[in-house]
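Notes follow the structure.
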Amino acid sequence: MSGVSRGAGVTPVRGAVASPNIWRTPEVYERENRAADPDGRLWQALRDVVPGAAAWDDARVLDLGCGTGYHLPLFAATAREVVGVEPHPDLVALARRRTRGLDHVRVLPGTAQEVPLADGSVDVVHARWAYFFGPGCEPGLPELARVLRRGGTALVVDNDPARSTFGAWFRRGFPHLPPPSEVERFWASRGWTRTAVDMGWRFTSRADLEAVVRIELPPAAAEEALRHHTGLEVDYAVNVWSRTFG
């Protein structure tokens, strides 16, 4: 997406936690989205873990931390209503532009800890690398319980640093983050279920792969990874954390 503001002079919604990859370089993050999950394994896992064969169809879906709205049209293909919530004004504008032809999609400014929706108003919440990384995300968890209807399901997609090529890169690049075992205890102790998915990245050019690695890892870790990795694919493991609220 060319011509995107990098956020200079733009104030995110109060309480927002900065996401340096998409906030600073949304056009590169767009390439990452296109490369991710090329065989649809993550998408299938998201459908499978929500109870009920047709749970996604005719549902009200909230994409929490929707960024530029990349996934909103995918949800909108079957959902009755889709709401994207995003704290960065530039990204809100891009998401609205992307979905302007979809009458049943809305994009609202907001944060995980202050979702601008009514109690019990959605069936499924999807949060992909958006605020939820285990310890530290506690302020947003009560909001999930509040906005979901009885029987609704929350889905959190997070990196799995314990395995895969990208997981090893992530561990080396961010050694200060909680270890995978601590993150797993965090979610499991709160009643969430883990589904492991090998989704992968598959790029169409080496330039795109290198650009994405450089926005996802600190400079030294990114250059080390690129020196030792050839080709256009990266095996990449993620966890889908899910909980259905009664």
Side-chain angles (χ1 to χ4, degrees), residues 19 21-22 29-57 59 61-67 70-75 77-79 112 123-135 137 141 144 152-174 177-203 208-209 212-213 215-217 225 229 231-245:
S19 181
N21 46 19
I22 191 170
Y29 201 82
E30 188 79 3
R31 287 180 259 171
E32 179 175 350
N33 273 326
R34 289 197 295 265
D37 194 29
D39 299 315
R41 294 171 184 166
L42 176 54
W43 185 249
Q44 188 60 51
L46 292 172
R47 294 190 68 85
D48 289 347
V49 299
V50 176
W56 285 91
D57 301 329
V61 177
L62 166 62
D63 190 5
L64 193 53
C66 69
Y70 184 86
H71 299 100
L72 298 180
L74 301 175
F75 296 131
T78 59
D123 302 301
V124 179
V125 177
H126 166 265
R128 185 178 301 214
W129 298 295
Y131 186 88
F132 294 96
F133 292 93
C137 78
L141 296 179
L144 296 177
T153 300
L155 303 164
V156 172
V157 181
D158 199 357
N159 291 315
D160 183 355
R163 59 197 186 91
S164 83
T165 295
F166 184 82
W169 294 350
F170 190 85
R171 288 197 309 273
R172 288 195 294 268
F174 301 100
L177 292 180
S181 58
E182 182 178 341
V183 174
E184 291 188 21
R185 282 195 299 271
F186 175 90
W187 290 111
S189 67
R190 289 163 173 78
W192 293 66
T193 299
R194 173 179 173 262
T195 301
V197 181
D198 296 307
M199 70 160 196
W201 274 343
R202 186 179 300 149
F203 294 89
D208 284 354
L209 183 152
V212 168
V213 169
I215 69 166
E216 290 295 349
L217 299 173
H229 189 82
L232 302 179
E233 297 190 31
V234 179
D235 59 294
Y236 190 148
V238 301
N239 291 320
V240 176
W241 292 100
S242 60
R243 181 181 171 190
T244 296
F245 289 76

Looking only at heavy atoms, the pair that brings Pro180 and Ala162 closest together is CG-N, 3.9 Å
Checklist entry - Do Asp57 and Arg47 sit within salt-bridge range, that is, some charged N less than 4.0 Å from a carboxylate O? => result yes
| request: Kindly say whether Leu46 contributes a backbone atom to a donor-acceptor pair with the side chain of Trp56 at under 3.5 angstrom? | output: yes
Could you check if a side-chain atom of Ile215 sits within less than 4.5 angstrom of a side-chain atom of Glu32, using non-hydrogen atoms only? yes
- [ ] Could you go through the side chain to side chain contact (heavy atoms under 4.5 Å, CB included) check for Leu209 and Trp201 one step at a time?
- [x] CA-CA 9 Å; Leu209 183 152; Trp201 274 343; 5.6 Å; no
**OP:** Examine the side chains of Tyr236 and Asp37 and answer whether a donor and an acceptor come within less than 3.5 Å of each other.
**Re:** no
Say whether, by atom type as modelled, one donor and one acceptor occur between the side chain of Asp235 and the main chain of Thr165 under 3.5 angstrom.
-> yes
Self-check item: Exam field: side chain Asp123 to backbone Ala59, donor-acceptor pair closer than 3.5 Å
Solution: no
Between Arg194 and Asp160 (salt bridge meaning N to carboxylate O under 4.0 Å), is one present in this structure? yes
field: Backbone N/O of Phe186 and side chain of Arg190: donor-acceptor pair under 3.5 Å
entry: yes
Heavy-atom nearest pair, Val183 first then Gly134, reads CG1-CA, 4.4 Å
Can you label the angle between the Trp169 ring and the Phe166 ring as parallel, tilted or perpendicular, going by 30° and 60°?
perpendicular
Side chain to side chain contact (heavy atoms under 4.5 Å, CB included) evaluation trace for Val238 with Arg128
CA-CA 10 Å; Val238 301; Arg128 185 178 301 214; over 6 Å; no
Nearest heavy-atom contact between Arg243 and Gly191 is CG-O, 3.7 Å
| message | Could you go through Val49 and Thr153, starting from their C-alpha distance and side-chain angles, then the distance that decides it, and tell me whether this counts as side chain to side chain contact (heavy atoms under 4.5 Å, CB included)? | response | CA-CA 9 Å; Val49 299; Thr153 300; 5.6 Å; no
Interatomic distance, CG@Asn239 vs CZ@Arg163, rounded to 0.5 Å, equals 6.5 Å
So CZ of Arg41 and CE of Met199: to nearest 0.5 Å the spacing works out to 11.0 Å
Exercise. Is the backbone N or O of Tyr29 less than 3.5 Å from a side-chain atom of Asn21, with the two atoms forming a donor-acceptor pair by type?
Worked result: no
So CG of Leu144 and CZ of Phe245: to nearest 0.5 Å the spacing works out to 5.5 Å
The reported gap from CG in Asn159 to CZ in Phe170 (rounded to nearest 0.5 angstrom) is 4.5 Å
Inset, instruction - Walk me through it: do Trp43 and Leu74 pass the test side chain to side chain contact (heavy atoms under 4.5 Å, CB included)? - result: CA-CA 10 Å; Trp43 185 249; Leu74 301 175; 4.0 Å; yes
*Are any non-hydrogen side-chain atoms of Leu217 and Arg172 less than 4.5 angstrom apart?*
no
Scanning both residues in full, the closest heavy-atom pair of Ala35 with Pro38 reads O-CD, 3.6 Å
d(Thr195 OG1, Leu155 CG) to nearest 0.5 Å is 9.0 Å
Sorted by chain and residue number, the ring-ring contact (aromatic ring centres under 6.0 Å, His included) partners of Trp192 (sequence neighbours excluded) come out as Trp187
_Min side-chain heavy-atom separation Gln44-Val197 under 4.5 Å_ = no
